[in-house]
Amino acid sequence: MLDKALCGSKRYWGLIIFLLAIIGVGVLTYGYQLREGLGITGMGRSVSWGFYIAQLTFLVGVAASAVMLVIPYYLHNYKEFGKIAILGEFVAIAAVTMCLLFVLADLGQPQRMFNLILHPTLNSVLFWDMIVLNGYLFLNLIIGWTTLGAEKKGTPPPGWVKPLIYLSIPWAVSIHTVTAFLYSGLPGRGFWLTAVMAPRFLASAFAAGPALLILLALIVRKYTKFDPGAKAIQALAKIVTYAIITFVFLFFCELFTVFYSQIPEHMDHFKYLYMGYDGYGAYVPFMWLSLILAGISIIMLVNPKTRKNEGTLVVACVMVFISTWIDKGMGMISGGFVPDPLHEVHEYIPTLPELTITVGIYAIGALILTVLYKVVVSVREEELA
Amino acid sequence: MNKRGEMLTGLVIAVFLVLVLSPILYNFAVGNARSVPDLKPPPGGEKQCVESKEWMRGNHMQLLFDWRETVVREGNRTYRASDGKEYNMSLTSECLSCHTNKDEFCDQCHDYLKVKPYCWDCHIVPPKENA
Amino acid sequence: MSMDRRKFLKVAGVGALGLAGLPASRLLAADDPRFKPPAEGLQGKRWAMVIDLTKEAHDADAISVCHKIHNVPQLTNPRHEIKWLWNTGFKHAFPGLASKHMAVQYKGEHSALVLCNHCENPPCVRVCPTKATFRRADGIVLMDFHRCIGCRFCMAACPFGARSFNWVDPRTASNLDEPGEVMLTFPTRMKGVVEKCNFCAERLARGLIPACVENSSDGRMLFGDLEDPHSDVSRIVKSKYTIRRKQHLGTEPSVFYIV
């Protein structure tokens, strides 16, 4: 089926070459990082994780959100999602691949990566994160590929994928839960030390992922003959609505606990992110932008008129995506490290090489997604013909 | 599945296999060279290595890995060789105390065999006295 | 379709078997008769330290000796700094305990001396995915630099900021770039691994107490076995009121402070 990705229009090849060029620059910059060490990033003794781990966190969410299509379609037999479920699974494949690449980019000694397997350590959450991420990648590869292959032949998918599909549901929840546990179990980091971390992660994931899917589905409809279906898109929009509201609710639960209790170890991180602390506040405008976008998007999504109008729906989805990206991809990691355990403030600003590598990895994800979507579209177009 | 698809999948698997197996293939290609260059004995005139020369030739890497494991993780520091002699398990202070000519000994052999132990990124090679 | 799945599973299976076989071949018999603890080494059940903050701080010697003998690089970029033992303000060492009404001696930016606490319940060990950081039977929390993959989970987990990462090649530092200036008795580190104080494990093995304690000003630092009732450390901890950093987190530090 992969051969479908080899014949495409000029526009398709243009996109592929464009992505390959970005990937090339990213790979070169990664070579530079390998040679010089992670000192080329903005991270340091005090803020020891940065943009890479933040993107991992965000993308795990995007990957997990495929479950928002799988549950209605396979558990509740919601037929409208029949055509679109595969789009979710393929987003998951691209997103998990990016996650694994971000872990790799963040390692100081990537050539020793196999120590994770040679010395498996059951008490380390990172060990489990590797297990669940790789497992999820394989599940989605197998499920996506076989269901699409069966569809191409016009047969129902083989019986043995059903259990795998059911397994992928709790597995999707697990990848984001385990990722939240990376942070929420650390004794000295007040910002992350909260039981609401995993639920909050899941809520923002189930907003960001389906919002992205809506955008992708609309792009697919615009540029190809395959129509994912207006009803499916509207159903997704409702999922986004509930999820973003839940996310904001959980965020306010956190805010209340932190600010009403007035415990400095928890509160100072929020002060840093939303008001600035000790003269540092590079993230303040972004964090407020995130909140404002979440607020506006909720209004637009709750109002049936703006939700049903695809023009305004697109705007709302873009807002949801940016808002959740700022929350996880920027604030979540830096906020946890500032102030540090010695209550010192060292602000983290990513560097150009760091951003270049990040963009390179996103381009790899986009390339995977483009190729996989091309296959889906070709199969669907054949069906129509 | 059609021909093209199979070829492509085959290609992907082949590339994957080559990548995964490349260290082993590489060893086959270069690591099996038999003849060893002329090695300089320890300049200090010592006659006996930690273990027999033949054993050392084939096993010094594993010995060093065992040493570092037991020194760092189990707190052992003394090695009892098969002839009963005791040694301080240390790369710099033991091996290099006899093989002071690392560049003419370890390096020469490794260079020849295209092995590049990364130990010296951290472990220190004592500077040559008269260099 | 099904053909290459089978093929793929075969390859994956062989790979997995190979990986599973590796650790077994690398396993050391824990009681291999070839390896013995050093005869002259100091033995303890739980090594611990007492630092007296009521004594005036003259810690420069202790710090510079520590960093010298362990080849700790002096890097100019503060973000890349590597610290095993250092002075900081009381309010940084003990956030939550400082108050603006305290005695003046606690207000200086260098009043407290901090290092790895060698916790009894160390979060860094709990999170490490490769057991590169581990707790020895004598209570020392050690790093196995050979195994560290540089994920820095331990740095996120440590509530005391005791860990440093080699963001750059440490040998480029001004104090290590000349061969003559490097101490031969302890390896440097390389870029991409985490490091921290090791309670001078390599000196204990030679029967010596930690270098900082040996070089500290009179009575400022003590070292001993907390499980040995006759050790200096035990006597002080039993007879005086001491505090530990962030005790409420339950990590059970082994460094006690007299305040």
Side-chain angles (χ1 to χ4, degrees), chain B residues 1-2 5-14 16-17 19-21 23-24 50-51 61-93 96-97 117-129 131, chain C residues 1-5 7-8 11 14-15 18 25-41 43 71 131-132 134 136-138 140 142-147 166 169-171 176 178-193 198 201-202 204-206:
Chain B
M1 178 186 283
N2 62 23
E6 261 178 33
M7 258 166 62
L8 201 79
T9 331
L11 188 73
V12 170
I13 292 177
F16 176 75
L17 277 179
L19 280 180
V20 169
L21 298 178
I24 299 168
V50 177
E51 298 287 349
M61 28 319 209
Q62 193 55 47
L63 182 74
L64 282 170
F65 292 151
D66 288 353
W67 277 19
R68 76 172 182 198
E69 198 83 357
T70 194
V71 168
V72 176
R73 304 190 73 87
E74 289 153 7
N76 294 323
R77 295 262 169 180
T78 310
Y79 177 70
R80 230 179 115 87
S82 37
D83 64 359
K85 270 223 194 97
E86 293 196 340
Y87 295 92
N88 170 23
M89 291 187 275
S90 170
L91 190 48
T92 297
S93 339
L96 294 195
S97 71
Y118 67 96
C119 320
W120 315 108
D121 287 353
C122 299
H123 287 270
I124 294 147
V125 185
K128 284 259 171 67
E129 232 109 278
Chain C
M1 198 62 221
S2 63
M3 185 200 69
D4 29 281
R5 188 169 49 251
K7 221 190 270 171
F8 171 78
V11 173
V14 170
S25 72
R26 284 282 170 86
L27 264 190
L28 268 192
D31 41 17
D32 189 324
R34 294 179 299 160
F35 307 129
K36 294 195 304 182
E40 69 281 22
Q43 307 289 333
N71 287 321
K131 304 189 186 77
F134 58 97
R136 282 203 323 198
D138 61 2
I140 299 185
L142 264 189
M143 280 290 305
D144 185 342
F145 301 102
H146 308 100
R147 202 182 270 193
N166 285 281
D169 180 358
R171 290 197 181 174
L176 298 180
E178 296 277 335
E181 289 170 57
V182 182
M183 295 294 284
L184 300 180
T185 42
F186 200 82
T188 64
R189 269 68 61 202
M190 70 202 289
K191 67 170 189 277
V193 298
N198 66 347
E202 85 287 0
L204 296 177
R206 285 187 279 138

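Quantities reported herein were computed from a predicted structural model and do not represent experimental measurements. Side-chain atoms are counted along with the backbone in the values below, which use heavy atoms only and exclude waters and symmetry mates. Every chain is numbered from 1 and lettered A, B, ... according to where its sequence line falls, protein lines coming before strand lines.
- Considering CG of Asp121(B) and CZ of Arg171(C), their distance stands at 7.0 Å, rounded to 0.5 Å.
- Two residues are said to be in side-chain contact when any heavy atoms from C-beta on lie closer than 4.5 Å; Asp66(B) and Asp32(C) fail this criterion.
- Annotation: the span from Lys36(C) atom NZ to Glu74(B) atom CD amounts to 15.5 Å, rounded to 0.5 Å.
- Only the side chain of Asn71(C) comes within less than 4.5 Å of a heavy atom of chain B; its backbone N, CA, C and O stay farther away.
- With a 4.5 angstrom heavy-atom cutoff, Phe145(C) does not touch chain B via any of its atoms.
- Residues Leu63(B) and Arg34(C) form a side-chain contact, since some pair of their non-hydrogen atoms from C-beta on lies under 4.5 Å apart.
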Review point. Under the side chain to side chain contact (heavy atoms under 4.5 Å, CB included) criterion, do Glu69(B) and His146(C) qualify, and how do the steps go?
Key: CA-CA 9 Å; Glu69(B) 198 83 357; His146(C) 308 100; over 6 Å; no
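- Side-chain contact between Arg147(C) and Val72(B): absent, with no pair of heavy atoms (C-beta onward) separated by less than 4.5 Å.
- Here the closest non-hydrogen pair linking Gly75(B) and Pro38(C) is O-CD, 3.5 Å.
- Between chain B and the residues Arg136(C), Lys131(C), Arg206(C), Lys191(C), the most heavy-atom pairs under 4.5 angstrom are made by Lys131(C).
- Residues Met190(C) and Cys122(B) approach most closely at N-SG, 3.4 Å, considering heavy atoms.
- Between Tyr79(B) and Phe35(C), the two ring planes are tilted [angle within 30° to 60°].
- Interatomic distance, CZ of Arg68(B) versus CG of Asp144(C), reported as 7.0 Å (0.5 Å rounding).
- Taking the side chain as every heavy atom from C-beta outward, Ser93(B) and Leu184(C) never approach each other to under 4.5 Å.
- Shortest non-hydrogen contact noted between Ala205(C) and Arg77(B) is CB-NE, 3.7 Å.
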